[in-house]
Amino acid sequence: MYAFEYVRANSVRGAVSALAKHEDGKILAGGHTLLPTMKQRLASPSALVDLGAIKDLAGIEQRGRSLIIGAMTTHAAVAASDVVKASIPSLAEMAHMIGDPAVRNRGTIGGSIANNDPAADYPAACLALNATIVTNQRKIPASDFFKGLYETALEPGEIIVRVAFKPPSRAAYMKFRNPASRFALVGVFVAKKGSDIRVAVTGAGNQGVFRWRAAEEALAKRFNPKSLDGLKADAGMMNADIHASPDYRAHLVAVMTQRAVAKALGK
Amino acid sequence: MASVSMTINGKAVRANVEPRTLLVEFLREHQRLTGTHVGCDTSQCGACTIHMDGKGVKSCTVLALQCEGAQITTIEGLANGEELHPMQAAFRENHGLQCGYCTPGMIMAAIDIVKRKGHDLDEHVIREELEGNICRCTGYHNIVKSIAAGAKAMRGHAGLQQAAE
């Protein structure tokens, strides 16, 4: 790891001004992607601005119809939260599938979303659940937030403070793990809220998380796994690496979507 | 250099460190607490697992500076003098180790599992929860047995456990 300056921010405002002072500064949330990336010297920020001491960035609450999760809330906290389980159980289940117990004790929702790793789980949940990502400057709908591999709508100096979810009527997440890394080779989050059906796919796309519109249209006719029979995802959109070919990923997308719909229906 | 204060195994520690100092490096090199091991250095193997504010954490993926004000417990902080922590004793009695390299992380992870999942742990739960701890001797059978026994033995040792935190 290259040397850097460390700033412990005590407020979001303080973090913003610290970032402004360091041209190549980066926000440190749970650090479970950033620090490994820095160890590999794939990133060498001049400064890290740690949000860990800003207590009001972590927390979970049901506010009216919205489930609000603070940016610094850990995956373990989301997975174990009775509030999340009551409001959006599929979200708690998804958080429980991230990494391992020690990783979940440090990794955060804000960090995961801001990083937008093409195999991360949270971007799929945010997209399928039509979440609102609230920053220190504005509210960004998930559909405008994820912009490609590791790219988001965040501007320099913009910090995620919380994420707001509207509970769906039915939802489920199914993940086909890479057997070694345990990251999603393909992960599919399906959510139904009235007539609005969203199918968000992570791990598979060569441009990161995406909505599988053809499946959404098929499910709009009838929300049932059978509606997807014979439907194929476009292999041209899929990522190719040593772990899986585009064709295999496209096949898995269809299988995992059917399984997610079945799970959402309690089958 | 930047200053950091934390409590390690009940003892207040204050030090100046380079910002890039990892917690595991701080524990091993600066505090000479070499019971915490570095296996993979990529947060996969769990040999460096310690407790930070009572929760299992991989100390290779935490900066020492992130631990300002934190309560840190390492494998050295578990025993009560000569008396082993029940989880340590269970690993000894059930021969839950071969080369021993992963053992400190296994024991710290095991205590974290008991805190979250209680004292009656079946094999399936233990194996699921050990996802982030790798034994390269592949001695999982006895590790799982040790954790099941240790979890039961920890009943009534809550006081000791809290003292260790």
Side-chain angles (χ1 to χ4, degrees), chain A residues 1-10 22 25-26 28-55 58 72 74-77 79-80 96-108 111 177-183, chain B residues 1-5 16-25 38-70 105-106 108-117 125-134:
Chain A
M1 201 185 300
Y2 291 110
F4 55 85
E5 269 185 66
Y6 173 90
V7 181
R8 185 178 296 114
N10 293 311
H22 296 91
K26 260 193 168 304
L28 177 64
H32 271 50
T33 302
L34 182 54
L35 295 176
T37 309
M38 288 170 64
K39 283 185 185 183
Q40 292 183 317
R41 297 187 169 179
L42 295 172
S44 51
S46 61
L48 289 186
V49 179
D50 185 1
L51 303 184
I54 311 176
K55 293 296 166 222
M72 288 292 286
T74 63
H75 309 320
H96 186 70
M97 289 185 218
I98 301 172
D100 62 56
V103 168
R104 291 195 288 274
N105 277 336
R106 294 293 296 168
T108 65
R177 290 181 168 94
N178 174 320
S181 75
R182 313 296 277 163
F183 266 99
Chain B
M1 299 291 259
S3 161
V4 66
S5 316
N16 283 316
V17 298
E18 228 195 309
R20 62 180 161 178
T21 308
L22 298 167
L23 176 59
V24 70
E25 198 182 331
V38 181
C40 66
D41 197 27
T42 54
S43 57
Q44 295 175 69
C45 80
C48 66
T49 305
I50 53 94
H51 293 181
M52 179 174 177
D53 294 327
K55 289 178 178 153
V57 157
K58 291 177 174 177
S59 61
C60 78
T61 311
V62 178
L63 299 174
L65 289 174
Q66 288 178 281
C67 302
E68 176 66 33
M106 286 285 176
M108 299 311 286
I111 295 168
D112 184 67
I113 296 170
V114 177
K115 283 187 188 173
R116 287 180 293 112
K117 300 277 172 184
V125 168
I126 295 171
R127 286 182 183 270
E128 286 275 310
E129 292 291 327
L130 278 186
E131 163 124 34
N133 291 75
I134 295 172

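Any value given below was found using the heavy atoms of this structure, including those in side chains, with hydrogens, waters and symmetry copies removed.
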Checking heavy atoms, do the side chain of A/Leu28, its backbone, both or neither come under 4.5 Å from chain B? side chain
Can you tell me which portion of [X] sits under 4.5 Å from chain A's heavy atoms? Options are side chain, backbone, both or neither.
X	result
B/Leu63	both
B/Asn133	neither
B/Gln66	both

Using a cut-off of under 4.5 Å for heavy-atom pairs, which of B/Leu65, B/Ile113, B/Leu130, B/Val57 has the most such pairs with chain A? B/Leu65
Please determine, among B/Arg116, B/Glu128, B/Glu68, the option with the most heavy-atom pairs under 4.5 Å with chain A. B/Glu68
From the list A/Arg8, A/Met38, A/Arg182, the residue making the most non-hydrogen contacts under 4.5 Å with chain B is A/Arg8
Looking only at A/Arg104, A/Glu5, A/His32, most heavy-atom pairs under 4.5 Å shared with chain B are made by A/His32
Return yes when atom OH of A/Tyr6 has more than 12 non-hydrogen atoms of other residues, nucleotides or ligands closer than 6.0 Å, and no otherwise. yes
Quick one: closest heavy-atom pair of B/Cys48 and B/Cys60, and the distance? SG-N, 3.3 Å
Judged by atom type as modelled, is there a donor-acceptor pair below 3.5 Å linking the side chain of [X] to the main-chain atoms of [Y]?
X	Y	answer
B/Glu129	B/Ile126	no
B/Arg20	A/Met1	yes
B/Lys58	A/Arg106	no

At what distance, to the nearest 0.5 angstrom, does CG of A/Leu51 lie from CG of A/Asn10? 11.0 Å
